[in-house]
Engineer: 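Below you will find the structure I want to go over with you.
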2 protein chains.
Amino acid sequence: MLKLTKKADYGLMALKYLAEHPETVALSAKDIADAYGIPAQLLAKILQKLTKSGLLKSHAGMNGGYALSRDAREISAYEVIHSIDGPFFITSCTKGSKGCELTPSCTIKEPLARVNDTIAGVLKSISIQDLSDHEHPAGPTEKSSPLVYLTH
Amino acid sequence: MLKLTKKADYGLMALKYLAEHPETVALSAKDIADAYGIPAQLLAKILQKLTKSGLLKSHAGMNGGYALSRDAREISAYEVIHSIDGPFFITSCTKGSKGCELTPSCTIKEPLARVNDTIAGVLKSISIQDLSDHEHPAGPTEKSSPLVYLTH
DNA sequence: CAATATCCGACTTCTTCGGTCCGGGTTTAG
DNA sequence: CTAAACCCGGACCGAAGAAGTCGGATATTG
């Protein structure tokens, strides 16, 4: 259905929270989970993934927790989603760079791959910092198209 | 994982196939399914949805089948996906225009809604006709960003 | 009437997501 | 030193949604 997972949502929320609390040395998974009312153990696993991807630094022991490894401006939403949910592809049949062998006549993906690139580009242009700004950020695209939802 | 369903893929493929065969009055679901090697009954249900959405015209009985209700240039990929998979939202918590009541502190969706708009805009700018063109179409974006996949 | 289609809901199967549990290893406070 | 607080990571399970099947009803043509 073309929506990102809750885990990715949680990850973005957690990074945003960390970005908004730069004065603290580190925040535990439980702290962040309580702040948003999300299951702590689940958030913990997400933060572990982000740590393994190099987006976070972790510190065990008492008063330990997580902290951003870079400036919030240098972390893109794409990196977060990618490290949590893995590489995403719009089309269901694409695996790697090869076309789908199963359905040889699937000539759909060629133009859809360009859509995929566009989405990835938008996600890469958004930083964690942008999520905290309640005013309009630098802008994901040159021109913010005024689109209307078709709530059927 | 931010990918569209197989049903949407099938729908796009079927419309593309219809667009490439304008000389025929109507094609049955089985004809299209056989051409792509996808289950006929499943494709039939998808085409029914597209008919109810007004993208296709159906004709029962012998020599019946489906035909595009408009020019292929006038049907966007957005309409197809929307009518098959329903309205899509990037964020998992958004329902309608209201914010998520469950997690009151979810301030993430505001910027992500803009991403949602961008994606919808790209999908709307792509027509069925564009899928058939093997050359570069009008172009979903001004500049085709040369992005590289991070196959982890 | 008979053959060929669409039409449409119910049903099964399969995968993935969301979430939990538990047994580790580390660091710090007392 | 010991215990508390924290991170680490695999195993596990239920729920939800996707993919696909089945069966019957209706419409159209020859």
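The analysis underlying the following values was restricted to heavy atoms, covering all of them including side chains, and did not include hydrogens, waters or symmetry mates. Below, chains carry the letters A, B, ... as their sequence lines are ordered, and counting in each starts from 1.
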Engineer: For D/dA5 and A/H59 - does any side-chain N or O of the residue sit under 4.0 Å from the phosphate oxygens OP1/OP2?
Structural biologist: no

Engineer: Tell me the interatomic distance from A/D9, atom CG, to C/dC17, atom C1', rounded to whole angstroms.
Structural biologist: 13 Å

Engineer: Can you tell me how far P of D/dT21 sits from CD1 of B/I46, to the nearest Å?
Structural biologist: 12 Å

Engineer: Can you tell me which nucleotide in C/dG19, D/dG20, C/dA5 comes closest to the side chain of B/K6?
Structural biologist: D/dG20

Engineer: Output the rounded distance in Å from CG (B/L56) to P (C/dA5).
Structural biologist: 17 Å

Engineer: State, to 0.1 Å, how close B/I38 and B/Y10 come at their nearest heavy-atom pair, and which atoms those are.
Structural biologist: CG2-CE2, 3.5 Å

Engineer: Measuring from the side chain of A/A29 (C-beta onward, heavy atoms only), which nucleotide among D/dA5, C/dG19, D/dC7 has the closest atom?
Structural biologist: D/dC7

Engineer: Please give, in whole Å, the distance from C/dC17 P to B/K3 NZ?
Structural biologist: 8 Å

Engineer: Is the phosphate of D/dA19, meaning OP1 or OP2, less than 4.0 Å from a side-chain N or O of B/Y10?
Structural biologist: no

Engineer: State which of D/dC8, C/dC8, D/dA5 makes the closest approach to the side chain of A/M62.
Structural biologist: D/dA5

Engineer: In whole Å, I'd like the distance from the CG atom of A/L50 to the P atom of D/dC7.
Structural biologist: 13 Å

Engineer: What nucleotide, of C/dA29, C/dC21, D/dC7, holds the atom closest to the side chain of A/Q41?
Structural biologist: C/dC21

Engineer: With a 3.5 Å distance limit and no angle check, can you tell me whether A/S53 reaches the backbone of A/L55 through a side-chain donor-acceptor pair?
Structural biologist: no

Engineer: Grab the NZ-C1' distance between A/K49 and D/dG10 for me, whole Å please.
Structural biologist: 13 Å

Engineer: Please determine if a side-chain N or O atom of A/S58 lies less than 4.0 Å away from the OP1 or OP2 oxygen of D/dC8.
Structural biologist: yes

Engineer: With nearest nucleotide decided by heavy atoms, which residue, A/A60 or A/K7, maps closer to the 5′ end of DNA chain C?
Structural biologist: A/K7

Engineer: Give a yes or no on this: more than 12 heavy atoms of other residues, nucleotides or ligands lie within 6.0 Å of atom CZ of B/R73.
Structural biologist: no

Engineer: Report the relative orientation of the aromatic rings in A/Y17 and A/H21; use parallel for angles under 30°, tilted for 30 to 60°, perpendicular for over 60°.
Structural biologist: tilted

Engineer: Just how far, in rounded Å, is C1' of C/dT27 from NZ of A/K57?
Structural biologist: 17 Å

Engineer: Figure out the CD1/C1' separation between A/I84 and C/dC17, and round it to whole Å.
Structural biologist: 14 Å

Engineer: Which residue, A/Q48 or A/N63, contacts DNA chain D at a nucleotide closer to its 5' end, judged by nearest heavy atom?
Structural biologist: A/N63

Engineer: Within the side chain of B/S69, is there an N or O that forms a donor-acceptor pair under 3.5 Å with the backbone of B/G54?
Structural biologist: yes

Engineer: Distance criterion of 3.5 Å, no angle test: do you see the side chain of B/K45 paired donor-to-acceptor with the base of D/dT21?
Structural biologist: yes

